[in-house]
Number of protein chains: 2
Amino acid sequence: MGAMSRTRTNRQPSMGDVAAAVGVSKTTISRYLHGEFGYMSEETRERIAAVIDELGYRPNKMAQGLKATVSHMVGVTIADIGNPFSSLLLKGIQQVCRSRDVQLLVSDSNNQVALERTNIESLLDAQVDGLIVNTVGGDDAWLADYCASADHRPMVLLDRIVEPIDCDCVSTDNRAGVAMMLDHLLERGYGAVVFVTGPAEGVSTRTARIEGVESYLRDGRIDGEVLVYEDAATLPSTLPGVLGRYAGRRVCLFANNDETMRDLLETLPESARGVVGLCAFADERWARYSGEGITCLDQNPVAMGRAAATALISRAYDGADGPYEVTRMPARLCVFASTRG
Amino acid sequence: MGAMSRTRTNRQPSMGDVAAAVGVSKTTISRYLHGEFGYMSEETRERIAAVIDELGYRPNKMAQGLKATVSHMVGVTIADIGNPFSSLLLKGIQQVCRSRDVQLLVSDSNNQVALERTNIESLLDAQVDGLIVNTVGGDDAWLADYCASADHRPMVLLDRIVEPIDCDCVSTDNRAGVAMMLDHLLERGYGAVVFVTGPAEGVSTRTARIEGVESYLRDGRIDGEVLVYEDAATLPSTLPGVLGRYAGRRVCLFANNDETMRDLLETLPESARGVVGLCAFADERWARYSGEGITCLDQNPVAMGRAAATALISRAYDGADGPYEVTRMPARLCVFASTRG
DNA sequence: CTGTTAGCGCCTTCAT
DNA sequence: ATGAAGGCGCTAACAG
């Protein structure tokens, strides 16, 4: 019979199995795995290597983590993972996590606060070493509480940020983006702008953009307003009235995101095409080919994801403990036919 | 001094801490957690509840997993997570995993075979209970080997499938989709179709579609060919020649995916607009508003993700062990202006 | 109704 | 140069 008992058939070989096969203790195997062969005989080393290879042994990260109190996993909650923007955030996060050999535990909050909370709790239960949270919004107090708790793990807020909160934040520079777009509209001779968005409801991104627009409007260089809609079905009835207010002037619709952009394309009567401008915070990949080509502010979600992961990793694994930072990444203005005027 | 020693300050409370605080053994706490209060005194139960609440105790999944040999985590590798299609796969996977309380360990293979391999190995090291693999393609032998190994975890191949391989597979019914689209083109009076795609290179989806087109062409009801391109930059020089072959007949370009659709939109000279038709395997959300509206075959990635997760979970957790199945989900034809003819 | 004991797979002093 | 032993947080017989 083998030296190690196998309670279940076909288990993966454990360190004990390797040790037994080589005829040394688990300690030696452990040392081998950690490259501590300073004082190890050439021969044992080779024998261990051979056996590990034969048995196809791989150390159990779970067991390692239990002892080490680091799991090499970080948790990510995404407000709505079905959104292409989110997938690019993940791409960026992945890039840096892969380079540091940390795994990603990913959850989708499906735009529900309650889900986000339980997701975070589950991730914590799974012993993640840190959290990247693309919050659905509306749970600031709870998040702040968590960050204030004694045994909290480092956390980075991504895209949707919450201020003031005690953690690093990464977002688009929405105010600057809005200003850039409105500057562009002025230059193109627009006299009015209508910023269209879904309800803010604690979504910091929307709030920031709305404030950006309102503050710009207050300067008086361009006329306009903010239109908040709950349901796309209401747009056909509300939009004409709003646009009517700017009759005689060249007006441009400014959509908060891809989805709203599509809602507007759907709503805009044929007659309005070419008369009213259109622009949006949107992914260039689609904005470029949507309709006649829609002028957009392309965010850089991949870079945002990278920034968030970098910040998290430096706190979770490299002992960084400076003051928390808010990183605002610039958006890129891509001009297409929709604002030719 | 407390009954339990705390090696590090501010650790999370462990089961031992709770037990000590209540004045019972860990076993009792464990039973409480698993709802085995059949024979537990009302009082102990309440005391435990109170202490757990006070201490904010949460069981360590990692430790549980070590013992139970199930981690309640499944691994997912995605060929290219930046792709919106992928994010919808994840959405579907999430939906069912959440309902079964299993966490997702997600990796991006960045379209590199080598990365996919190491990702799978890492996921396995993290003790996932199963794998959902959206393979980059070109590593069939290795995957088949893994599925054949003695201690392998259940695996489901998603979207990009590999046959014959010993595991469940979920994909779009590409042949049927192609046929549906070509039927539509015939009906609209097109005389020729050019299916445009990147190189197949072991990507089963592309192979299946190319074969679907070729087999349909062989029936002779419509003329046409398959155009494989490596680099979008070459299209402007190759495309006119290809289209020229069908001069006099109404011809439609058929793009393999969103990306190729955009490449074609970029390439198509203005003169060709309205003359040559365009359709694609693409997400309706964008196809609808791209250019004049592009007829597309919308796959159902969310449903595909759900199907894959369901299959995996039934094998990994519910002991299903029937023969492996290949699930082919139908695509949906969405007709827009680009094929009005 | 509750506790004891013996691990899961690995790491880490401390010995030798 | 290598081991033995104890423990990470939790579970699972087996005893009472």
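Each chain gets a letter, A, B and so on, in the order its sequence line appears, and its residues count up from 1.
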Q) Can you tell me how far C1' of C:dC10 sits from CG of A:Leu66, to the nearest Å? A) 8 Å

Q) Side-chain N or O of B:Thr44 less than 4.0 angstrom from OP1 or OP2 on C:dC1? A) no

(Q) If you only use heavy atoms from C-beta on, which nucleotide in C:dC11, C:dG9, D:dC10 is closest to the side chain of A:Ala63? (A) C:dG9

(Q) Distance check needed: D:dA1 P versus A:Ile29 CD1, whole Å only. (A) 17 Å

Q. Salt bridge between A:Asp151 and B:Arg58, side-chain N to carboxylate O under 4.0 Å?
A. no

(Q) Do A:Arg153 and A:Val74 make a side-chain contact, defined as non-hydrogen atoms from C-beta onward lying under 4.5 Å apart? (A) no

**Q.** Salt bridge present between A:Arg315 and A:Asp168 (N-O < 4.0 angstrom)
**A.** yes

Q. Do A:Arg47 and A:Glu43 meet the salt-bridge criterion of a basic N to acidic O distance under 4.0 Å?
A. yes

(Q) How many whole angstroms separate atom CE of A:Met62 from atom C1' of D:dT11? (A) 14 Å

Q. Taking the side chain of A:Ser14 as heavy atoms from C-beta outward, which of C:dG9, D:dT11, D:dT2 is closest to it?
A. C:dG9

Q: Using only side-chain N and O atoms of A:Gln64, determine if any of them is under 4.0 Å from OP1 or OP2 of C:dC11.
A: yes

Q: Give the rounded distance in Å between these two atoms: CG of A:Asn60 and P of C:dG7.
A: 18 Å

Q. What integer number of Å spans the P atoms of D:dG6 and C:dT5?
A. 14 Å

Q. Nearest nucleotide by nearest heavy atom, which residue falls closer to the 5' end of DNA chain C, B:Glu42 or B:Ala68?
A. B:Glu42

Q: Specify the separation, in whole Å, of atom CG of A:Leu33 and atom C1' of C:dG9.
A: 12 Å

Q) Ignoring hydrogens and angles, does a donor from either the side chain of B:Thr27 or the base of D:dT11 sit under 3.5 Å from an acceptor on the other? A) no

Q) Could you state the CD-P distance from B:Glu36 to C:dG3, rounded to the nearest angstrom? A) 15 Å

Q. What's the CE-P distance between A:Met15 and C:dG9, to the nearest Å?
A. 11 Å

Q: Remember a base hit wins even if backbone is also touched, and classify B:Ser25 as base, sugar-phosphate or nothing at under 4.0 Å, heavy atoms.
A: base

Q.
Tell me if the side-chain of A:Arg31 makes a donor-acceptor pair with the base of D:dG3, cut-off 3.5 Å, by modelled atom types.
A. yes

Q. Rounding to a whole Å, what distance do you find between A:Lys26:NZ and D:dC8:C1'?
A. 13 Å

Q. In this structure, are over 12 heavy atoms from other groups packed under 6.0 Å from A:Asp101 atom CG?
A. no

Q: Between C:dC8, D:dG3, C:dC10, spot the one nearest the side chain of A:Thr28, thanks.
A: D:dG3

Q) At under 4.0 Å between heavy atoms, what does A:Tyr32 touch on the DNA or RNA strands: base, sugar-phosphate, or nothing? A) nothing

Q: Please determine, for the side chain of A:Ser30, which listed nucleotide (C:dG3, C:dC11, C:dC1) has the closest atom?
A: C:dC11

Q. Among C:dT2, D:dT2, D:dT11, which is the nearest nucleotide to the side chain of B:Met40?
A. C:dT2

Q | For the student: nearest non-hydrogen atoms of A:Asp108 and A:Leu115, plus distance | A | O-CD2, 4.2 Å

Q) Is B:Lys67 side chain donor-acceptor paired with the D:dG9 base, going by distance under 3.5 Å alone? A) no

